[in-house]
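Since the structure comes first, as structure tokens, the remarks are kept for the end.
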Amino acid sequence: MFTYDYRSARFDPSEQSIWRFRSLLPIQSRENEVSLGEGLTPLVLSRLSLGCRLWLKDEGRNPTGSMKDRALSVAVSAAREAGKTRVIIASTGSAGMAASAYAARAGMRCLVLVPRPTTRERLVVMAALGAEVVEVDGTFEDLMEIIGEARRHGWEELTTYRKANSYQAEGPKTIAYELTEQMGDVPDAVVVPVGGGGTLSAIWRGFQDLLEMGRISRVPRMIGVQNVHFNALELALKQGLTTEEQILALGLDAGVSVITRNLKHAFPPDSVEALNALRQSGGMVVTVTDEEAVKAQVELARTDGLFAEPSSAVTLAAIGKLTTRQELAPEASVVAILSGSGLREVQTAMDTMHPVIQEETAEAALQRVKVPSTRLN
């Protein structure tokens, strides 16, 4: 854990990135900060009718389209400060793209290990950013064994869970700082997609920091959202589990294929810290199916004009369930974290939404615009 001087901590309003909060980030010298303008993402008041006062924190506006840019900005900055020139990460998508971008910005060699098969859309982006992308015919555990050997040979690991790299885990807490600035208050609840559990626990730490600094007088409930097949935290809360060994013993099937692939963690590596955040905040976990996620993705796009990936849209499906069950009040202020842009998963959208693209002659298109009631679906 890192320690900070909360009494002297100051936010720099002139900085247009997460580095406005540098006094609460673990980098000693400003010369080592590696930034692409991550953070300060929009907070949008939603038009969706989900039974509460809903705001959307659109993390898809980050440089590579996901909240992972916050983590990797800090991780690569720490690597630079430590004099590292080679970085390595195991990732199936978002973190790998972010690592590739920030390593390129820092002039570092970047090796991304992905398990086979991984969606080609994401691999192309990593390669375009200059990373060496290696698709390994093996399990995620095999990748971690390779990374362990790489660390012994001087590589810096950037994989986004706290034990792998404690520096990166400090980046996502800046979401809490921004929310408080943007709202001028603390929401009643923050709803977060949960894969490894690190983002949820980091946001909770951010609110704890603000409480310590005297900037807020209360904290929100943290609500995690998992895929129904990868619901380790939900089960752990129900069964009173507290240790990694107990959560591993749940024995969830890692081989189940899901559309919400960013939530695909049979064992969330930051599960213990995430459970602590949920319990301390009086929070809960809600599970969502792929079908519910895609439905929410479409409704979000057509109502608020935001195209989020299915793994982000799960938050909206979860909020709908909670308000229906009267576990969120109509007057509650709720922030849904949209963790990533749907533009990074266009093929998935083509496969699930089956969009209808009209093909017409110019004459027919002309007639279409003369009929006000016509709406393209």
Side-chain angles (χ1 to χ4, degrees), residues 34-36 38 59-60 62-79 84-151 155-165 167-169 171-172 193 195-199 254 258-265 268-270 309-312 339-348:
V34 182
S35 177
L36 290 168
E38 60 293 321
E59 288 294 288
N62 279 299
T64 70
S66 87
M67 62 188 178
K68 292 294 184 180
D69 289 337
R70 297 176 186 266
L72 271 300
S73 176
V74 179
V76 173
S77 297
K84 300 290 186 177
T85 60
R86 300 179 299 168
V87 294
I88 188 170
I89 188 170
S91 171
T92 58
S94 298
M97 286 192 285
S100 303
Y102 285 88
R105 182 70 174 174
M108 295 179 181
R109 180 183 174 190
C110 181
L111 177 58
V112 182
L113 304 179
V114 301
R116 182 180 299 164
T118 296
T119 174
R120 315 314 291 179
E121 292 173 285
R122 298 188 172 194
L123 301 186
V124 168
V125 174
M126 297 175 202
L129 289 165
E132 300 169 49
V133 184
V134 179
E135 195 173 22
V136 179
D137 188 10
T139 65
F140 216 83
E141 287 69 28
D142 294 327
L143 303 189
M144 299 315 297
E145 184 177 342
I146 297 169
I147 285 181
E149 185 65 21
R151 296 184 70 157
W155 292 76
E156 179 77 356
E157 182 182 0
L158 304 181
T159 307
T160 51
Y161 64 94
R162 185 174 272 281
K163 285 185 179 179
N165 188 303
Y167 290 93
Q168 62 77 28
T199 298
V258 294
I259 293 171
T260 52
R261 59 177 64 90
N262 291 340
L263 311 186
K264 186 178 177 178
H265 284 266
D270 288 314
E309 65 189 5
S311 297
S312 297
S339 51
S341 170
L343 295 175
R344 301 172 313 129
E345 296 188 6
V346 174
Q347 186 58 55
T348 299

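The chain is numbered in sequence order, starting from 1.
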inquiry  = Just checking Gln347: does its CD atom have more than 12 heavy atoms from other residues, nucleotides or ligands closer to it than 6.0 angstrom?
reply    = yes
query = OG/Ser100 to CD1/Ile89 distance, rounded to the nearest 0.5 angstrom?
reply = 8.0 Å
message = Could you report the tightest heavy-atom contact between Ala169 and Pro172, atom names first, then the distance?
response = O-CD, 3.5 Å
task = Inspect the contact between Glu309 and Arg122 and indicate whether a charged nitrogen and a carboxylate oxygen are less than 4.0 angstrom apart.
result = yes
ask   = At their closest point, which heavy atom of Ala75 faces which heavy atom of Tyr167, and how far apart are they?
value = CA-CB, 4.5 Å
key: Stepwise side chain to side chain contact (heavy atoms under 4.5 Å, CB included) check, Thr160 with Leu72   = CA-CA 8 Å; Thr160 51; Leu72 271 300; 3.6 Å; yes
Nearest atoms (heavy-atom pairs only) where Thr348 meets Pro310 = CG2-CG, 4.4 Å
Side-chain donor/acceptor pairs under 3.5 Å, residues 102-112, sequence neighbours excluded:
residue	atom	partner	partner atom	Å
Tyr102	OH	Glu38	OE1	2.7
Arg109	NE	Glu132	OE2	2.6
Arg109	NH2	Glu132	OE1	3.3

request  = Evaluate the side chain to side chain contact (heavy atoms under 4.5 Å, CB included) criterion for residues Ser339 and Thr199: first the C-alpha distance (whole Å), next the side-chain angles of each, then the deciding distance (0.1 Å), finally the verdict.
outcome  = CA-CA 9 Å; Ser339 51; Thr199 298; over 6 Å; no
remark   = Taking every heavy atom of Ser66 against every heavy atom of Ser94, the minimum-distance pair comes out as OG-CB, 3.6 Å
remark   = Tested for side-chain contact (heavy atoms from CB on, under 4.5 Å) against Pro193, the lone hit among Leu263, Thr260, Asn262 is Leu263
request  = Verify side chain to side chain contact (heavy atoms under 4.5 Å, CB included) between Glu121 and Val346, making sure each step is shown before the conclusion.
outcome  = CA-CA 8 Å; Glu121 292 173 285; Val346 174; 3.7 Å; yes
query = Are the side chains of Val74 and Gln168 in touch, meaning some heavy atoms are under 4.5 Å apart?
reply = no
key: Matching residue for Thr159 among Ile147, Asn165, Leu113, Ile88 - test: side-chain contact (heavy atoms from CB on, under 4.5 Å)   = Ile147
request  = Determine whether Val125 and Arg344 make a side-chain contact, defined as any pair of heavy atoms from C-beta on separated by less than 4.5 Å.
outcome  = no
ask   = Taking Asp69 for the side chain and Thr64 for the main chain, is one N or O donor matched with an acceptor at less than 3.5 Å?
value = yes
Nearest atoms (heavy-atom pairs only) where Val114 meets Ser91 = CG1-O, 2.8 Å
request  = Taking the side chain as every heavy atom from C-beta outward, state whether Arg120 and Leu123 have any atom pair closer than 4.5 Å.
outcome  = yes
Validation row: Met144, Glu157 side chains within 4.5 angstrom (heavy atoms) = yes
Nearest-0.5 Å distance that lies between atom CD in Glu149 and atom CZ in Arg151 = 12.5 Å
ask   = Are any side-chain N or O atoms of Asp270 and backbone N or O atoms of Arg162, one a donor and one an acceptor, separated by less than 3.5 Å?
value = yes
